[in-house]
Amino acid sequence: MDQNTLVESRTDRRALAAAGVTVVLWASAFVSIRAAVPHFSPGALALGRLLAGSAVLGAILLVRREGWPPRAAWPGIAGAGVLWFGLYMVVLNWGEREVDAGTAAMVVNVGPVLIALLGGWLLKEGFPRNLMTGMAVSFAGAVVVGISMSDGGRSSILGVLLCLAAAVSYAAGVICQKPALRHASALQVTAFSCLIGTAACLPFAGQLVQEAAAAPLPALLNVAYLGVFPTALAFTTWAYALARTTAGKMGATTYIVPALVVLMSWVVLGEVPGWLTFAGGLLCLAGVAVSRRK
């Protein structure tokens with residue numbers, strides 16, 4: 001193995017490890033959100049989470065003295081901040097109030113498919129066969145998990161549209177973020193995107209103050225957890241990995257999240273998954289494995 005191949009291999013392993021941290025923390029966010037949602041409206045929960053994340057990221061920026069991102073990175077940072085950190089978090093919180101978890105999982109998991117398609121088209125990443133095959137397998141697994149977790153109720157049209165809007169804004173945010181990482185560090189892109197998302201959610205400040213005053217301590221701790229770990233840490237490790245691989249592969253990696261949510265709900269909430277849920281989770285993992293093959 002020559003030196004260049006060895007360096008590429010080490011970089012790929014580090015990116016994969018960073019992506020692993022991201023998906024574990026994003027999966028934990030679903031469990032944490034379920035505990036916080038009864039006490040916070042969608043906009044207030046998003047703003048509280050972003051305020052906590054911005055505080056942590058801002059402190060790290062000051063310690064590391066990374067300063068302002070270059071001008072060329074700002075269009076991507078602004079796009080990711082408004083679409084992903086702002087719009088996505090609000091409409092996803094809202095959508096999950098309107099539809100059951102199974103329907104939400106199926107609709108939101110359109111996002112990685114859109115990332116692969118938009119990345120192949122707009123970012124010129126192409127459409128590798130392994131990636132497309134893995135995406136199809138993982139999406140099928142996400143649908144199976146969604147069906148198995150559905151409560152069998154009638155889905156709200158508004159809720160489905162909101163979850164679809166969340167998927168589209170998530171995909172668009174990733175496509176905006178990828179070019180910004182060519183000019184700025186993962187920390188800079190994440191921190192300033194989070195700050196822009198926070199600014200976009202400031203209209204919900206009044207709701208947040210009222211609801212935080214009435215919320216119990218565990219709900220407040222859940223909001224803090226969401227801001228520090230699934231936001232500040234997980235979005236930074238995501239950006240680190242995204243800078244070192246394609247948007248399509250990173251999107252496919254997030255299909256591990258539904259499988260992890262099933263396991264975490266089992267351990268933390270005592271919700272025992274059925275055999276169909278396990279089968280769907282295994283399909284998600286298999287699809288990700290196929291998509292990551294060289």
**Student:** Treating Ile, Leu, Val, Met, Phe, Trp and Tyr as nodes and any side-chain heavy-atom pair under 4.5 angstrom as an edge, say whether W68 and L187 lie in one connected cluster.
**Tutor:**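 Yes, because W68 and L187 connect within a single hydrophobic cluster, where side-chain heavy atoms sit under 4.5 Å apart.
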**Student:** Indicate the atoms forming the closest heavy-atom contact of L50 with C201, along with that distance.
**Tutor:**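 For L50 and C201, the tightest heavy-atom pair comes out as CD1-SG, 3.8 Å.
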**Student:** Counting N and O atoms only, with roles assigned by atom type, does the side chain of K178 sit under 3.5 Å from a partner on the main chain of L242, one being a donor and the other an acceptor?
**Tutor:**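 At least one qualifying donor-acceptor pair exists.
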**Student:** Using a 4.5 Å cut-off on heavy atoms from C-beta on, say whether the side chain of N93 contacts that of F40.
**Tutor:**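 No - every pair of side-chain heavy atoms lies 4.5 Å or more apart.
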**Student:** In terms of heavy-atom contacts, does CZ of F229 have more than 12 from other residues, nucleotides or ligands at under 6.0 Å?
**Tutor:**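 Result for CZ/F229: open.
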**Student:** Looking at A191 and L61, what are the two nearest heavy atoms and their distance?
**Tutor:**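 Scanning both residues completely, I find the closest heavy atoms to be CB-CD1, 3.4 Å.
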**Student:** Looking at side-chain heavy atoms only, is the closest gap between W238 and V21 below 4.5 Å?
**Tutor:**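 Side chain of W238 against side chain of V21, heavy atoms only: no contact under 4.5 Å found.
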**Student:** Look at the side chain of E211 and the backbone N and O of A44, then say whether any donor-acceptor pair between them is shorter than 3.5 Å.
**Tutor:**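 No; judged by distance alone, with no hydrogens or angles, the pair does not exist.
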**Student:** Once rounded to the nearest 0.5 Å, what's the spacing between atom CG of L221 and atom CG of L217?
**Tutor:**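 Result: 4.0 Å between the selected atoms.
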**Student:** Are P69 and F192 packed together at the side-chain level, in the sense that at least one heavy-atom pair is separated by less than 4.5 angstrom?
**Tutor:**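 Contact flag for P69/F192 side chains = yes.
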**Student:** To the nearest 0.5 Å, tell me how far L208 CG sits from L202 CG.
**Tutor:**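 It is 10.0 Å, given to the nearest 0.5 Å.
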**Student:** On a heavy-atom basis, which atom in G67 and which in Q188 lie closest, and how many Å separate them?
**Tutor:**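 Looking at all heavy atoms of both residues, the shortest contact is O-NE2, 3.3 Å.
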**Student:** According to a 4.5 Å side-chain heavy-atom criterion applied to Ile, Leu, Val, Met, Phe, Trp and Tyr, with indirect links allowed, do V209 and L51 form part of one hydrophobic cluster?
**Tutor:**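 Different clusters: V209 never reaches L51 through Ile, Leu, Val, Met, Phe, Trp or Tyr contacts under 4.5 Å.
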**Student:** Which heavy atom of L181 sits nearest a heavy atom of A243, and at what distance?
**Tutor:**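 Smallest interatomic distance, heavy atoms only, reads CD1-N, 3.8 Å.
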**Student:** Are any non-hydrogen side-chain atoms of L45 and F204 less than 4.5 angstrom apart?
**Tutor:**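 Counting from C-beta outward, L45 and F204 never come under 4.5 Å.
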**Student:** Spell out, as yes or no, whether a donor-acceptor pair under 3.5 Å connects the side chain of T237 to the backbone of A19.
**Tutor:**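 Checking the backbone N and O of A19 against the side chain of T237, no donor-acceptor pair under 3.5 Å is found.
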**Student:** Tell me whether L220 shares a hydrophobic cluster with I33, the cluster being built from Ile, Leu, Val, Met, Phe, Trp, Tyr side chains joined at under 4.5 Å.
**Tutor:**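 Yes, L220 and I33 fall within the same hydrophobic cluster.
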**Student:** Is a side-chain N or O of T245 found less than 3.5 angstrom from the main chain of A241, in a donor-acceptor match?
**Tutor:**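 No.
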**Student:** May I ask you to decide if Y240's main-chain N or O and R244's side chain share a donor-acceptor pair within less than 3.5 Å?
**Tutor:**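 Answer holds: yes.
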**Student:** Could you please spell out the steps behind the side chain to side chain contact (heavy atoms under 4.5 Å, CB included) verdict for R49 and M89?
**Tutor:** CA-CA 9 Å; R49 174 179 179 176; M89 291 192 183; 3.9 Å; yes
**Student:** Under 4.5 Å between any side-chain heavy atoms of I196 and I77, yes or no?
**Tutor:**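 They are in contact (side-chain heavy atoms under 4.5 Å apart), so the answer is yes.
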**Student:** Evaluate F85 against T190 for side chain to side chain contact (heavy atoms under 4.5 Å, CB included), listing each step before the verdict.
**Tutor:** CA-CA 9 Å; F85 286 77; T190 304; 4.3 Å; yes
**Student:** Is it possible for you to say whether V223 and Y225 belong to one hydrophobic cluster, with membership spreading through side-chain heavy-atom contacts below 4.5 Å?
**Tutor:**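 No, it is not one cluster - the side chains of V223 and Y225 are not joined through contacts under 4.5 Å.
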**Student:** Before you tell me yes or no, could you show the steps for W84 and I175 under side chain to side chain contact (heavy atoms under 4.5 Å, CB included), namely the whole-Å CA-CA distance, both residues' side-chain angles and the distance that decides it to 0.1 Å?
**Tutor:** CA-CA 10 Å; W84 196 5; I175 298 303; over 6 Å; no
**Student:** Please give me the minimum heavy-atom distance between T236 and A186, naming the atom from each residue.
**Tutor:**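 Minimum heavy-atom separation between T236 and A186: O-CB, 3.9 Å.
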**Student:** Are L226 and F235 connected, step by step, through hydrophobic side chains (Ile, Leu, Val, Met, Phe, Trp, Tyr) whose heavy atoms are closer than 4.5 Å?
**Tutor:**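 L226 and F235: separate clusters.
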**Student:** Mind listing the closest non-hydrogen atom pair of A234 and P230 along with its distance?
**Tutor:**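 Reported closest heavy-atom pair: CB-O, 3.3 Å.
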**Student:** Under the criterion side chain to side chain contact (heavy atoms under 4.5 Å, CB included), I'd like the reasoning laid out for L87 against V82: C-alpha separation, chi angles, the key distance, then a yes or no.
**Tutor:** CA-CA 6 Å; L87 180 62; V82 173; 5.5 Å; no
**Student:** Can Q177 and S193 be counted as having a side-chain donor-acceptor contact under 3.5 angstrom?
**Tutor:**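 Side chains of Q177 and S193: no pair found under 3.5 Å.
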**Student:** Between the main-chain N or O of L25 and the side-chain N or O of S28, is there a donor-acceptor pair closer than 3.5 Å?
**Tutor:**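 A pair under 3.5 Å: yes.
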**Student:** Which of parallel (below 30°), tilted (30 to 60°) and perpendicular (above 60°) describes Y170 and W26?
**Tutor:**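 Aromatic pair Y170/W26 classed perpendicular.
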